[in-house]
J.: 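This is the structure I have questions about; it appears just below.
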Amino acid sequence: MRELIVNQNDAGQRLDKFLTKAVPLLPQSLLYKSIRTKRIKRNGKRCAISDRLQPGDVISLYLSDDLFGGDSQAPAFLAAPSRLDIVYEDENILLVDKRPGLIVHEDSGHQVDTLINRILHYLYQKGEYDPAQEQSFVPSLCNRIDLNTGGIVIAAKNAPALRVLNEKIKSRELQKTYLCIVHGHLPQRAATLKGFLRKDAKNNQVEIFDHPIPDGRTILTRYRVLAENTRFSLLEVDLLTGRTHQIRAHLAHIGHPLLGDAKYGFNRDNRDTGYRHQALYSYQLTFRFCSDAGPLNYLNGRTFTVPSVWFREDFLQGKLGP
């Protein structure tokens with residue numbers, strides 16, 4: 001018999017969801033059968049799969065020891081570097097400046113050096129995360145950024161913070177502001193662009209239309225021109241809707257692809273600049289809560305900014321001239 005004591009990071013979950021993460025070798029069919037036959041109990045009593053767990057609950061499991069695994073190996077994330085560019089950190093969240101070229105999560109290539117693995121290694125070294133001490137929670141990313149785009153990524157250090165951030169992101173109570181460089185000069189110094197986006201998941205590409213289309217989703221992209229030179233414009237962009245590749249595809253659609261963007265632009269136009277990644281950065285984040293944020297209320301109204309964006313410096317220093 002094993003006992004699991006529910007901690008703050010485990011609380012609020014359904015019993016079956018908790019056990020799926022806490023005992024990953026336990027088959028779903030056996031999990032449900034064990035609850036029905038009282039081989040799994042909550043606080044010594046019969047329980048249901050839909051029970052919501054509270055801190056201090058004791059989950060008793062009368063199951064084979066084989067289901068709990070043997071000696072654990074060193075966590076895989078320790079093979080990733082622990083180096084991070086931190087914009088802000090407190091006991092609940094971590095804001096990291098992800099550099100272009102670093103993948104956020106492991107992909108089909110099973111790459112170990114990912115942003116989330118770097119964060120886990122960093123928190124492990126600080127003594128703020130130890131997988132051996134957690135039953136169901138792992139510090140998690142709350143937003144994603146494309147491989148070749150840079151900028152602020154939010155990580156939650158505990159389950160209450162993760163729940164709040166996921167809710168606030170879904171209700172669009174966090175404002176992300178981007179910097180980018182585009183080819184040419186925009187017809188207006190500031191404008192809000194409207195279009196309709198259709199995603200081609202197979203090719204990881206999107207297409208923009210000026211009129212409604214089947215399977216198309218409305219997109220709104222607001223920009224402001226910060227500076228211009230003979231070839232390029234430096235823009236600040238707000239996503240009023242957040243769709244895949246929205247900024248890149250929308251600006252290319254109106255004839256102003258991003259500098260360095262081979263997917264939606266043309267290599268011939270970028271070749272002499274030496275830019276291998278699109279000049280796009282999620283450089284500023286503002287928390288604009290419209291309702292109670294519980295343990296994160298102290299963040300409301302605060303803005304965090306990446307101190308230096310390399311392509312903005314290139315532009316302002318005249319390195320992207322004729």
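Nothing fancy with the numbering, it's 1 onward along the sequence. Quantities reported herein were computed from a predicted structural model and do not represent experimental measurements.
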J.: Within a strict 4.5 Å, meaning less than it, do heavy atoms of the L61 and L19 side chains meet?
T.: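 Heavy-atom side-chain distance check passes, below 4.5 Å.
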
J.: Can you find a pair of side-chain heavy atoms, one from L179 and one from L235, that are under 4.5 Å apart?
T.: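 L179 does not reach L235 side chain to side chain.
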
J.: Running the 4.5 Å side-chain criterion over Ile, Leu, Val, Met, Phe, Trp and Tyr, what cluster does L115 land in, apart from itself?
T.: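 When side chains under 4.5 Å apart are linked, the cluster holding L115 also contains F77, L78, L84, I86, L94, V96, L102, V104, I116, I119, L120, Y122, L123, Y124, Y129, V138, L141, I145, V153.
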
J.: Any donor and acceptor pair, going by atom type alone, linking the side chain of N117 with main-chain N or O of V112 inside 3.5 Å?
T.: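 Confirmed, N117 side chain pairs with V112 backbone.
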
J.: Within the 3.5 Å criterion, strictly below it, is a donor on S233 or H185 matched to an acceptor on the partner's side chain?
T.: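 No, no side-chain donor-acceptor pair sits under 3.5 Å.
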
J.: Who clusters with V206? Use side-chain heavy atoms, under 4.5 angstrom, across I, L, V, M, F, W and Y, and order the result by chain and number.
T.: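 Direct or chained contacts put V206 with L197, I208, I219, Y264.
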
J.: More than 12 heavy atoms of other residues, nucleotides or ligands under 6.0 Å from CZ of F266: is that the case?
T.: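 Atom CZ in F266 is not packed in, count stays at 12 or less.
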
J.: Applying salt bridge (Lys or Arg N to Asp or Glu O under 4.0 Å) as the test, list every pair that has at least one member in residues 114-125; sequence neighbours left out.
T.: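 Checked against salt bridge (Lys or Arg N to Asp or Glu O under 4.0 Å) - neighbours excluded - the pairs reaching residues 114-125 are D113-R118.
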
J.: Mind checking who shares a hydrophobic cluster with L240, ILVMFWY linked at side-chain heavy-atom distances under 4.5 Å?
T.: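 Its cluster partners, ordered by chain and number, are L220.
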
J.: Side chain to side chain donor-acceptor pair (under 3.5 Å) with K126: which residues, sequence neighbours excluded?
T.: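 K126: side chain to side chain donor-acceptor pair (under 3.5 Å) contacts with E89, E128.
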
J.: When you compare the side chains of S82 and Q125, does any donor N or O come within less than 3.5 Å of an acceptor on the partner?
T.: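 Checked: S82/Q125 side chains pair up, N/O donor to acceptor below 3.5 Å.
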
J.: What pairs of residues pass the salt bridge (Lys or Arg N to Asp or Glu O under 4.0 Å) test when at least one of them lies in residues 6-25, not counting sequence neighbours?
T.: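 Residue pairs with at least one partner in residues 6-25: R14-D16.
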
J.: Taking atom CZ of R276 as the centre, report whether more than 12 heavy atoms of other residues, nucleotides or ligands fall under 6.0 Å from it.
T.: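 Count not over threshold, so no.
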
J.: Regarding D57 and R42, does a basic nitrogen lie under 4.0 Å from an acidic carboxylate oxygen?
T.: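 A salt bridge is present here (some side-chain N lies under 4.0 Å from a carboxylate O).
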
J.: Kindly state each residue pair satisfying salt bridge (Lys or Arg N to Asp or Glu O under 4.0 Å) with at least one member in residues 137-148, sequence neighbours excluded.
T.: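 Checked against salt bridge (Lys or Arg N to Asp or Glu O under 4.0 Å) - neighbours excluded - the pairs reaching residues 137-148 are D146-R248.
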
J.: State which residues pass side chain to side chain donor-acceptor pair (under 3.5 Å) with N203; sequence neighbours excluded, sorted by chain then number.
T.: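 With neighbours one apart ignored, the set is D200.
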
J.: Please, which pairs that meet side-chain hydrogen bond (donor to acceptor under 3.5 Å, both in side chains) have at least one residue in residues 31-40, sequence neighbours excluded?
T.: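 Every pair satisfying side-chain hydrogen bond (donor to acceptor under 3.5 Å, both in side chains) with a residue in residues 31-40: Q28-Y32.
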
J.: Identify whether V58 and V6 are in the same connected component of the hydrophobic contact network (ILVMFWY, side-chain heavy atoms under 4.5 Å).
T.: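 Per the 4.5 Å side-chain linkage, V58 and V6 are not co-clustered.
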
J.: Give every residue pair that meets the salt bridge (Lys or Arg N to Asp or Glu O under 4.0 Å) criterion with at least one member in residues 173-184, sequence neighbours excluded.
T.: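 For residues 173-184: K168-E173.
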
J.: Would you check, one step at a time, whether the test ring pair (Phe, Tyr, Trp, His ring centres under 6.0 Å) holds for F304 with Y88?
T.: CA-CA 8 Å; F304 300 93; Y88 173 78; 4.5 Å; yes

J.: If you link I, L, V, M, F, W and Y whenever their side-chain heavy atoms are under 4.5 Å apart, who else ends up in the same group as M1?
T.: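 Y62, listed by chain and number.
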
J.: Can you find a side-chain donor-acceptor pair between D261 and H277 that sits under 3.5 Å?
T.: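 D261 vs H277: no donor-acceptor pair found between side chains.
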
J.: Any donor and acceptor pair, going by atom type alone, linking the side chain of S64 with main-chain N or O of L67 inside 3.5 Å?
T.: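 Checking the backbone N and O of L67 against the side chain of S64, no donor-acceptor pair under 3.5 Å is found.
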
J.: Got a list of side-chain donor-acceptor pairs under 3.5 Å for residues 306-317, not counting sequence neighbours?
T.:
| from | atom 1 | to | atom 2 | distance (Å) |
| --- | --- | --- | --- | --- |
| D314 | OD2 | Y275 | OH | 2.7 |
| Q317 | OE1 | K319 | NZ | 3.3 |

J.: Would a 4.5 Å heavy-atom cut-off, applied to side chains only, mark F68 and L25 as touching?
T.: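 They are not in contact (no side-chain heavy atoms under 4.5 Å apart), so the answer is no.
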
J.: Other residues, nucleotides and ligands only: do more than 12 of their heavy atoms fall within 6.0 Å of CD1 on I5?
T.: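 Open.
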
J.: Are any of the side-chain heavy atoms of F232 and L258 separated by less than 4.5 Å?
T.: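 When only atoms from C-beta onward are counted, L258 and F232 do not touch, as no gap falls below 4.5 Å.
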
J.: Verify the distance criterion only: is there a donor paired with an acceptor across the side chains of Y283 and E236 at less than 3.5 Å?
T.: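 The answer is yes; a qualifying pair exists.
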
J.: Using a strict 4.0 Å threshold on nitrogen-to-oxygen distance, state whether E3 and K41 make a salt bridge.
T.: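 Between K41 and E3 there is no salt bridge, as every charged N stays at least 4.0 Å from the carboxylate O atoms.
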
J.: Pick one: which of K194, R217, R172, Q246 meets side chain to side chain donor-acceptor pair (under 3.5 Å) with T241?
T.: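 Among K194, R217, R172, Q246, the one that satisfies the side chain to side chain donor-acceptor pair (under 3.5 Å) with T241 is Q246.
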
J.: Quick one: are L174 and T286 in side-chain contact, heavy atoms under 4.5 Å?
T.: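 Side-chain contact under 4.5 Å: no.
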
